[in-house]
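In what follows, a structure is listed as structure tokens, so that the remarks can point back to it.
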Amino acid sequence: MEVNFQEIEKKWQKAWEEAKIFQVREEKGKKKFYVLEMFPYPSGTGLHMGHAFNYIIGDVYARFKRMQGYNVLYPMGYDSFGLPAENAAIKQNIHPKEFTEKAIENFIKQQKSLGLSYDWSRMIKTHEPSYYKWDQWIFLQMLKKGLVYRKKALVNWCPECKTALANEQVKNGRCWRHENTEIEIKELEQWFVKITDYAEELYEDIDLLEWPENIKKMQKNWIGKSHGININFKIKGKTWPVFTTRPDTIYGVTFLAISWQHPNLFEIVTKKQKKEVEKFLKKIKSTSQKEIALMEKEGVFTGSFATNPLTKEKIPVYVCNFVLAEYGSGIVMCVPAHDQRDFEFAKKYNLPIKIVIQPENKKLNEKEMKEAYTEEGVLVDSGPFTGLQSKEAREKISDFMEEKKIGKRVVQFRLKDWLISRQRYWGTPIPVIHCKNCGIIPVPEKELPVVLPEKVVFGKGNPLETAKEWLKVKCPKCKKEAKRETDTMDTFVNSSWYFLRYCDPKNDKKIFDKEKVKYWMPIDQYIGGAEHACAHLIYFRFYTKFLRDLGLLEIDEPCVKLFNQGMVHKDGSVMSKSRGNVVLPEEVSKKYGIDAARLFLLSMASPDKDIEWTDKGIEGSYRFLLKVWKYFNKVKIGKSSARLESKYNKTVKEVTNDIENFKYNIAIIKLKELFDSFDEEESKEVLEGFLKMFSVFCPHITEELWHKWNNTFISIEKWPEWKEEKINQQFDEEEKDVEKLIEDINNLVWLLKRKGKTPKKLFVYVLPTDKFYLEFVEKIKKKTNLETFIFLTNDKNKYDPENKAEKAREKKPAIYLE
RNA sequence: GCGGGAGUGCCGGAGCGGUCAAACGGGCACGGCUUAGAACCGUGUGCCUCAGUGGCUUCGUAGGUUCGAAUCCUACCUCCCGCACCA
């Protein structure tokens with residue numbers, strides 16, 4: 001290596017840190033910009049290029065905005081509570097705290113070596129009591145408002161994690177942390193956060209966000225809003241509401257289906273059918289969650305009949321495996337003719353199929369139907385509603401039922417309350433006390449934080465149960481002996497408000513200073529992976545809205561703009577420790593320097609796309625850096641041509657725009673093109689402007705080169721501005737004409753060579769109106785490797801033995817070779 | 001099944017109505033430099049043609065809109081990613 005890039009990197013990283021140039025504080029007159037990457041869980045294995053990519057994308061943006069004159073908040077911290085640390089602790093016999101702190105130390109070291117421009121003074125670690133104290137405080141506020149509650153419910157249980165999970169942590173019937181572990185459904189008493197109270201707002205406000213469309217869609221689907229009506233069916237003299245979005249099919253209902261998990265199922269099961277139903281339940285319970293979803297639709301008659309409130313018909317009620325207990329009312333009205341599931345079920349159990357909606361263009365017939373007709377149409381056999389369009393009928397029938405008080409329009413959400421209690425150690429203790437006399441009593445705010453005890457035994461059950469001293473506590477109400485809650489909070493709680501704490505990370509009096517948060521929030525640019533679409537990215541919106549309602553925030557949404565970066569692949573699959581295809585930044589750095597790695601990662605493709613890491617590829621970036629290095633070490637500062645100035649200004653304009661829109665790859669290409677057209681002498685403005693723009697991608701080498709002429713930091717220099725009047729479109733066109741000419745010349749040379757002639761001299765004849773070609777003698781010479789002469793066609797003294805000059809046309813010079 | 005995205009040269013990947021045989025990088029070939037190699041520099045890299053600056057065929061497949069399409073529309077195929085019995 002001709003240049004010791006590693007040395008340069010270290011030197012500037014240290015200098016930046018010592019000069020504290022990336023530290024910020026609120027400045028009234030200065031426009032702020034908050035750039036944030038989703039903070040990492042500090043895994044024991046450290047970070048590889050895949051992780052690095054994420055931070056580098058953010059760093060470029062932060063540097064760019066900073067140079068543009070914004071007061072940029074760009075912090076980093078660690079989401080340091082979580083199961084992996086606890087599991088590692090058990091495996092390696094090391095305390096989770098020690099394990100985590102070591103991992104964090106390693107992360108910091110690695111991140112610093114990437115040249116990231118964080119304000120490290122604001123670092124937060126969620127496992128520290130100074131942070132999780134406020135998790136507990138928020139919990140208590142929610143408790144006060146009735147937003148957290150304890151309930152016995154059917155919950156997702158991961159036998160591997162040995163804890164309950166939130167719905168968002170179940171992927172395809174399996175645990176989000178254990179791809180091969182099937183979730184069990186258990187009935188347990190757990191703590192829930194009533195996120196559903198905010199479902200409407202969470203759903204509707206998605207439209208206000210400038211987020212990638214797919215993420216917005218995923219959230220909308222997850223929250224799942226649907227309009228419908230609860231219709232009252234009478235079963236055994238009692239009223240049971242049944243939710244449907246299709247009241248227009250009410251005349252086609254031939255049976256009801258109740259979920260096998262319905263809490264009040266046995267109220268409607270008759271004595272005669274009890275055995276049968278129990279047998280059925282036993283069978284489903286022995287089937288795994290995933291298989292139930294794939295299972296054929298099955299059910300058993302409950303023995304009861306329901307009365308259709310409109311038709312007064314008696315219809316049988318079945319208990320079924322395909323009805324969800326947690327959605328709607330857990331009972332559905334079944335219209336086999338117009339719902340595929342109902343159709344399949346009816347076919348299997350020989351239940352009647354009754355058509356009440358006919359399509360416009362053909363006529364359905366019960367006997368010939370192969371599948372349900374679920375589209376719109378005209379109502380038939382529907383009493384007074386016959387003949388209406390189904391869409392219209394939905395409204396009319398709903399109106400009618402509301403009038404008669406047999407139904408009520410409702411909005412249903414798919415989103416469920418957030419189960420936040422975990423039966424594990426390494427998390428925020430839930431700040432409540434169980435008292436035999438008083439029940440569940442919140443820990444008084446002034447006693448926060450409830451510090452996680454360090455002396456516990458791992459391996460069996462919840463380790464907190466072994467912290468005997470810690471468990472014992474006086475009931476705050478009756479002062480008698482009581483017991484602490486041993487459940488801890490889901491780690492997603494910690495990450496739901498960390499972005500607020502960055503605004504005031506050391507406050508020990510309050511969760512944060514309202515004014516400081518007001519200054520920095522919202523996050524102007526958030527960067528992270530799409531995998532958080534339905535968990536973190538919903539939770540942090542929910543927290544924001546809740547804290548707003550507490551009067552602590554004045555914003556409705558935590559972040560307006562979100563960017564999803566692509567994944568880094570290697571050898572065809574996503575880079576990951578478990579696949580064993582990781583590339584470590586420190587190793588790349590040793591060989592090529594971290595600037596080359598940054599440049600390569602960002603020039604490969606648009607940063608929102610997946611990219612493939614190749615060792616060859618980075619060599620290309622490295623070569624370019626060497627070229628830049630050499631050039632700047634010998635360039636003379638002087639004047640630039642009008643042509644170059646035009647190109648420079650155009651580049652500034654375009655690169656500014658490209659970076660703003662995350663088209664880093666395009667920006668880099670344009671910078672490379674600008675660099676390629678540099679001469680041995682260029683103006684200071686141009687050279688410095690290039691370095692400044694390039695510095696957001698390769699901060700170390702540019703900082704070093706900058707210091708040849710300056711003693712300020714390029715990292716906080718002012719972003720170059722372009723002068724529109726210097727951009728001359730014609731120069732571009734002329735350049736293209738010259739390229740074309742060179743192509744023609746080379747084509748000719750190739751032809752001649754095929755005929756055994758090797759030309760040495762080149763004569764070009766241009767029309768007097770195309771004078772600009774004369775300026776390119778050197779370029780043409782270089783690109784053709786021929787001794788080059790350019791004449792104007794009206795030049796009396798031109799050398800032209802074959803009268804080629806006659807052939808010259810506008811923008812098509814004549815060529816003679818010999 | 002539903003939703004989102006993508007299919008471009010040997011490869012990665014730009015382009016998203018004309019300036020496109022297609023940026024930039026990688027690979028490969030040739031030439032220069034060199035004792036030789038590495039590095040570096042230049043050229044070429046769809047096909048044909050030619051002392052020329054021209055023709056033909058290409059951007060998943062098939063149609064369509066247009067004076068004009070890789071770019072717009074329609075259908076289909078393939079791939080990736082989410083959600084998945086939500087009534």
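Within every chain, numbering begins at 1; the chains are lettered A, B, ... in the order of the sequence lines, protein sequences first and strands thereafter.
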Please classify the nucleic acid contact of A:Ile666 as base, sugar-phosphate, or nothing, using heavy-atom distances under 4.0 Å. sugar-phosphate
Just do the salt bridge (charged side-chain N to carboxylate O under 4.0 Å, His left out) check on A:Glu654 and A:Lys647 with the steps written out, would you? CA-CA 10 Å; A:Glu654 292 179 355; A:Lys647 186 160 200 158; over 6 Å; no
Atom CD of A:Glu739 and atom C1' of B:rU43 are separated, to the nearest Å, by 13 Å
Please classify the nucleic acid contact of A:Ser226 as base, sugar-phosphate, or nothing, using heavy-atom distances under 4.0 Å. sugar-phosphate
With C1' as the reference atom in both, quote the distance from B:rC59 to B:rA22 in angstrom, rounded to an integer. 8 Å
Take atom NZ of A:Lys609 and atom C1' of B:rU8, then tell me their distance rounded to the nearest Å. 11 Å
Check: B:rC24 base within 3.5 Å donor-acceptor of A:Lys670 side chain: no
State whether the distance check finds a donor on one side and an acceptor on the other, under 3.5 Å, for side chain A:Arg341 versus base B:rA87. yes
Classify the ring geometry between A:Phe632 and A:Phe690 as parallel (under 30°), tilted (30 to 60°) or perpendicular (over 60°). parallel
Provide, to the nearest angstrom, the distance between the NZ atom belonging to A:Lys736 and the P atom belonging to B:rG18. 12 Å
Mind checking if A:Pro212 touches a base, just sugar-phosphate, or nothing, with heavy atoms under 4.0 Å? nothing
Between B:rC50 and B:rG63, how many Å separate the two C1' atoms, rounded to a whole number? 37 Å
A:Ile215 CD1 to B:rC83 P, straight-line distance once rounded to whole Å: 11 Å
Interatomic distance where CD belongs to A:Glu612 and P belongs to B:rG12 [whole Å]: 9 Å
With a non-hydrogen cut-off below 4.0 angstrom, is A:Ser603 in contact with a base, only sugar-phosphate, or nothing? nothing
Salt bridge or not for A:Arg246 and A:Asp248, using N-O below 4.0 Å? yes
Taking the P atom of each, how far is B:rC72 from B:rC16, in whole Å? 10 Å
In whole Å, what is the span from the CD atom of A:Gln261 to the P atom of B:rC86? 15 Å
Closest approach to the side chain of A:Lys616, judged atom by atom: which nucleotide of B:rG26, B:rA14, B:rG4 is it? B:rG26
If the threshold is 4.0 Å, N to carboxylate O, is there a salt bridge linking A:Lys225 and A:Glu200? yes
Applying a 4.0 Å non-hydrogen cut-off, can you work out what A:Tyr816 is touching in the nucleic acid: base, sugar-phosphate, or nothing? base
Provide, to the nearest angstrom, the distance between the CG atom belonging to A:Asn214 and the C1' atom belonging to B:rC80. 12 Å
Option passing ring pair (Phe, Tyr, Trp, His ring centres under 6.0 Å) with A:Phe563 (candidates A:Trp211, A:Tyr664, A:Phe662): A:Phe662
Please measure how far the C1' atom in B:rC10 lies from the corresponding atom in B:rG5, and state the result in whole Å. 26 Å
Heavy atoms from C-beta onward define the side chain here; which of B:rG52, B:rA14, B:rA87 lies closest to that of A:Ala814? B:rG52
Could you check which of B:rA39, B:rG52, B:rC83 has an atom nearest any side-chain atom of A:Arg414? B:rC83
Considering only the C1' atoms, how many Å lie between B:rG13 and B:rG27, rounded to the nearest integer? 14 Å
When we call it a touch if two heavy atoms are under 4.0 Å apart, what does A:Gly328 touch: a base, just sugar-phosphate, or nothing? nothing
Using a heavy-atom cut-off of under 4.0 Å over every strand shown, decide if A:Lys171 touches base, sugar-phosphate, or nothing. sugar-phosphate
One pair to check against ring pair (Phe, Tyr, Trp, His ring centres under 6.0 Å): A:Tyr799 and A:Phe789. What are the steps and the verdict? CA-CA 9 Å; A:Tyr799 175 78; A:Phe789 305 91; 8.1 Å; no
In terms of ring plane angle, is the pair A:Tyr318 and A:Phe255 parallel, tilted or perpendicular, where the classes change at 30° and 60°? perpendicular
Heavy atoms only, 4.0 Å cut-off, all strands: where does A:Ser606 land among base, sugar-phosphate and nothing? sugar-phosphate
Ranking A:Lys217 and A:Arg623 by the position along RNA chain B of their nearest nucleotide, the one closer to 5' is A:Lys217
Looking at B:rA14, B:rC85, B:rA23, which one has an atom nearest to any side-chain atom of A:Phe322? B:rC85
Rounded to whole angstroms, how far apart are CD1 on A:Ile815 and P on B:rG54? 11 Å
For A:Asp744, report the nucleic acid contact type (base, sugar-phosphate, nothing); a contact means any heavy atom under 4.0 Å. base
Between A:Phe791 and A:Phe763, how do the two ring planes meet: parallel, tilted or perpendicular, split at 30° and 60°? parallel
Write down the distance separating the P atoms in B:rA21 and B:rU58, rounded off to the nearest Å. 13 Å
Could you tell me whether A:Lys804 sits above the aromatic face of A:Tyr765, with NZ or CZ closer than 6.0 angstrom to the six-membered ring centre and within 45 degrees of the axis? no
Take atom P in B:rA14 and the same atom in B:rA6, then report the distance between them in whole Å. 11 Å
Taking the side chain of A:Lys812 as heavy atoms from C-beta outward, which of B:rG54, B:rG27, B:rC86 is closest to it? B:rG54
Tell me whether A:Glu619 is salt-bridged to A:Lys591, with the criterion being a basic N under 4.0 Å from an acidic carboxylate O. no
Kindly point out which of B:rA87, B:rG54, B:rC83 is positioned nearest to the side chain of A:Trp222? B:rC83
May I ask you to say what A:Val323 touches in the nucleic acid, namely base, sugar-phosphate or nothing, with a heavy-atom cut-off under 4.0 Å? base
Nearest to the side chain of A:Glu673, which nucleotide is it out of B:rA23, B:rA14, B:rC41? B:rA23
Is it true that A:Glu673 and A:Lys650 have a side-chain N and a carboxylate O under 4.0 angstrom from each other? no
Treating a pair as Watson-Crick (purine N1 to pyrimidine N3 plus N6-O4 or O6-N4) or G-U wobble (N1-O2 and O6-N3) with both distances under 3.5 Å, list the stems of 3 or more consecutive pairs that involve RNA chain B. B:1-7 with B:77-83, B:10-12 with B:24-26, B:27-32 with B:40-45, B:46-48 with B:54-56, B:60-64 with B:72-76
From C-beta outward on A:Ile669, which listed nucleotide comes closest to its side chain: B:rG26, B:rC24, B:rA14? B:rC24
From the set B:rG3, B:rA14, B:rG52, return the single nucleotide nearest to any side-chain atom of A:Asn665. B:rA14
Given the C1' atoms of B:rC24 and B:rG32, what is the spacing between them in whole Å? 24 Å
On RNA chain B, compare the nucleotides closest to A:Lys627 and A:Lys672; which residue's is nearer the 5' end? A:Lys672
